[in-house]
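Note on naming: letters A, B, ... go to the chains in the order of the sequence lines (proteins, then strands), and numbering restarts at 1 for each one.
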Protein chains: 2
Amino acid sequence: MTLAPLPDQYRQPPFTEDCAPRRLLRLFSGKWTTMILHTLHLRGGASRPGQLQRSIPGLSKKMMTQTLRELEHLGLVEREVMEVMPPAVEYRLTSLGQAFVEPLEMLYRWGAEHAALLDRLDQNAAAS
Amino acid sequence: MTLAPLPDQYRQPPFTEDCAPRRLLRLFSGKWTTMILHTLHLRGGASRPGQLQRSIPGLSKKMMTQTLRELEHLGLVEREVMEVMPPAVEYRLTSLGQAFVEPLEMLYRWGAEHAALLDRLDQNAAAS
DNA sequence: CTGCATCCTGGGCGATACTG
DNA sequence: CAGTATCGCCCAGGATGCAG
């Protein structure tokens, strides 16, 4: 069955607090979220915690696990525990996670290609 | 004169705190920033404060002006004061501002096209 | 109409120290 | 090696009220 179109009064204007880009931005708003996703992606979708942390300068153990827990909670990342000594763990992007890497990489590419514009922001801020 | 390539030790890894996507995300991190930019864009690049506020549900006077000040500070938005009574003001996207609308619209489009994925995040979160 | 000042709360994030 | 617990700071951002 097909759904009847939403009455106007319930339709979200394109600039609401819950509009598409904001939902995406909220997902990416954590300080380390994007870097973790991107790094996992770079490593082919999986990494062990130690590796991961060493790959991201400034990332503390606490914030790493905290962020990973959130990503796990959202179904973007899976955690696998290998039963060995010493304990070994691996975090892996789920297929959903991989999907969200796409817009992230778009941002990444845009930023890299327009680094000059980003620099101008700082210049302007410093100037005034 | 041309610049010598940056020595490796100074080159930023792609997942640094100041990498391209994060700089972009920091710009967009304010709760109302993107909605204001997007709305200005929708209106052809300019709007008066009253209009603007009424266009964005939930946006308070305070947060609007505060955000606009920041955007002005960064050179993304211009403020023009018309000398009349009662005072009239117009905010306009600068060319730099227009440039940054581009990645924003990319996000917007992606989000709109993949709303189903965004919904899954909430489902997952609610489930566990 | 437009805009600033003030007060206050929540939560993100960092530092540190401890367990298995 | 991997992970947890606790404490405390800072600041984004909401409410309210005043001013040109």
Side-chain angles (χ1 to χ4, degrees), chain A residues 15-19 22-23 25-37 39-40 43 46-74 77-92 125 128, chain B residues 15-19 22-23 25-37 39-40 43 46-74 77-92 125 128:
Chain A
F15 23 75
T16 305
E17 186 161 350
D18 270 349
C19 57
R22 288 245 71 227
R23 293 216 278 168
L25 287 167
R26 238 179 299 139
L27 171 63
F28 290 162
S29 63
K31 180 168 180 182
W32 305 102
T33 313
T34 55
M35 276 144 62
I36 288 180
L37 288 176
T39 303
L40 283 177
R43 308 202 161 254
S47 173
R48 299 192 41 188
Q51 258 305 326
L52 191 56
Q53 185 179 359
R54 269 172 274 118
S55 306
I56 304 179
L59 175 58
S60 72
K61 234 184 323 179
K62 181 204 170 191
M63 288 315 296
M64 179 176 69
T65 29
Q66 181 173 314
T67 307
L68 284 168
R69 288 293 169 285
E70 292 161 5
L71 293 175
E72 212 184 335
H73 189 66
L74 294 171
V77 160
E78 277 173 347
R79 189 174 103 111
E80 182 183 351
V81 188
M82 351 275 274
E83 299 291 353
V84 296
M85 272 305 279
V89 177
E90 199 180 59
Y91 290 98
R92 215 175 298 109
S128 56
Chain B
F15 24 74
T16 305
E17 186 161 349
D18 270 349
C19 59
R22 288 244 72 227
R23 294 217 278 166
L25 286 167
R26 239 180 296 139
L27 170 63
F28 290 162
S29 63
K31 180 169 181 182
W32 305 103
T33 314
T34 55
M35 275 142 63
I36 288 181
L37 288 176
T39 304
L40 284 177
R43 309 202 161 253
S47 173
R48 299 193 40 187
Q51 257 307 326
L52 191 57
Q53 185 179 0
R54 267 171 276 119
S55 306
I56 304 179
L59 174 59
S60 72
K61 235 186 323 177
K62 182 204 170 190
M63 288 316 294
M64 179 176 67
T65 30
Q66 180 173 315
T67 307
L68 284 169
R69 287 294 167 284
E70 291 161 6
L71 293 176
E72 213 184 334
H73 189 66
L74 294 172
V77 160
E78 277 173 346
R79 189 173 104 111
E80 182 184 350
V81 189
M82 350 274 274
E83 299 291 353
V84 296
M85 273 304 281
V89 178
E90 199 179 60
Y91 289 97
R92 215 174 299 109
S128 57

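Among the heavy atoms of the strands lying under 4.0 Å from B:Pro49 are primed sugar atoms or P, OP1, OP2 only; no base atom is included. Residue B:Ser60 is out of contact with every strand shown, counting any heavy-atom pair closer than 4.0 Å.
The separation between B:Glu70 atom CD and C:dC4 atom P is 12 Å, rounded to whole Å. Rounded to a whole Å, the CG atom of B:Leu59 is 12 Å from the C1' atom of D:dG14. Taking atom CZ on B:Phe28 and atom P on D:dA12, their separation rounds to 18 Å, with Å as the unit. Distance B:Gln53 CD to D:dA15 C1': 14 Å, rounded to the nearest Å. If you measure from atom CD1 of A:Ile36 to atom P of C:dC13, you get 11 Å, rounded to the nearest angstrom. In this structure, CZ of A:Arg26 is placed 14 Å from P of C:dG11, rounded to the nearest angstrom. With rounding to whole Å, B:Glu17 atom CD is found 11 Å from C:dC13 atom C1'. Atom pair B:Arg54:CZ and C:dC1:C1' shows a separation of 10 Å (rounding to whole Å applied).
The side chain of A:Met63 has C:dC13 as its nearest neighbour among D:dC1, C:dT2, C:dC13. Nearest nucleotide to the side chain of A:Lys31, out of C:dC4, C:dC13, C:dC1: C:dC13. When distances run from any side-chain atom of B:Trp32 to the nucleotides D:dG14, C:dC1, D:dA2, the shortest one goes to D:dG14. Comparing atom distances between the B:Lys62 side chain and each of D:dG13, C:dG14, D:dA2 picks out D:dG13 as nearest.
Within the 4.0 Å cut-off from OP1 or OP2 of D:dA2, at least one side-chain nitrogen or oxygen of A:Arg48 is found. In this structure, A:Lys61 does not reach the C:dT16 phosphate: none of its side-chain N or O atoms is under 4.0 Å from OP1 or OP2.
Here the side chains of B:Arg92 and B:Glu90 are in contact, with some heavy-atom distance below 4.5 Å. When side chains are defined from C-beta on, B:Arg26 counts as touching B:Asp18, because their heavy atoms get closer than 4.5 Å. Put simply, the side chain of B:Leu52 reaches to within 4.5 Å of the side chain of B:Met64, judged on heavy atoms.
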(request) Evaluate side chain to side chain contact (heavy atoms under 4.5 Å, CB included) for A:Lys31 paired with A:Met63, printing each intermediate quantity in order. (result) CA-CA 9 Å; A:Lys31 180 168 180 182; A:Met63 288 315 296; over 6 Å; no

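A:Thr65 OG1 to A:Glu72 CD: the interatomic distance, rounded to the nearest 0.5 Å, is 11.0 Å.
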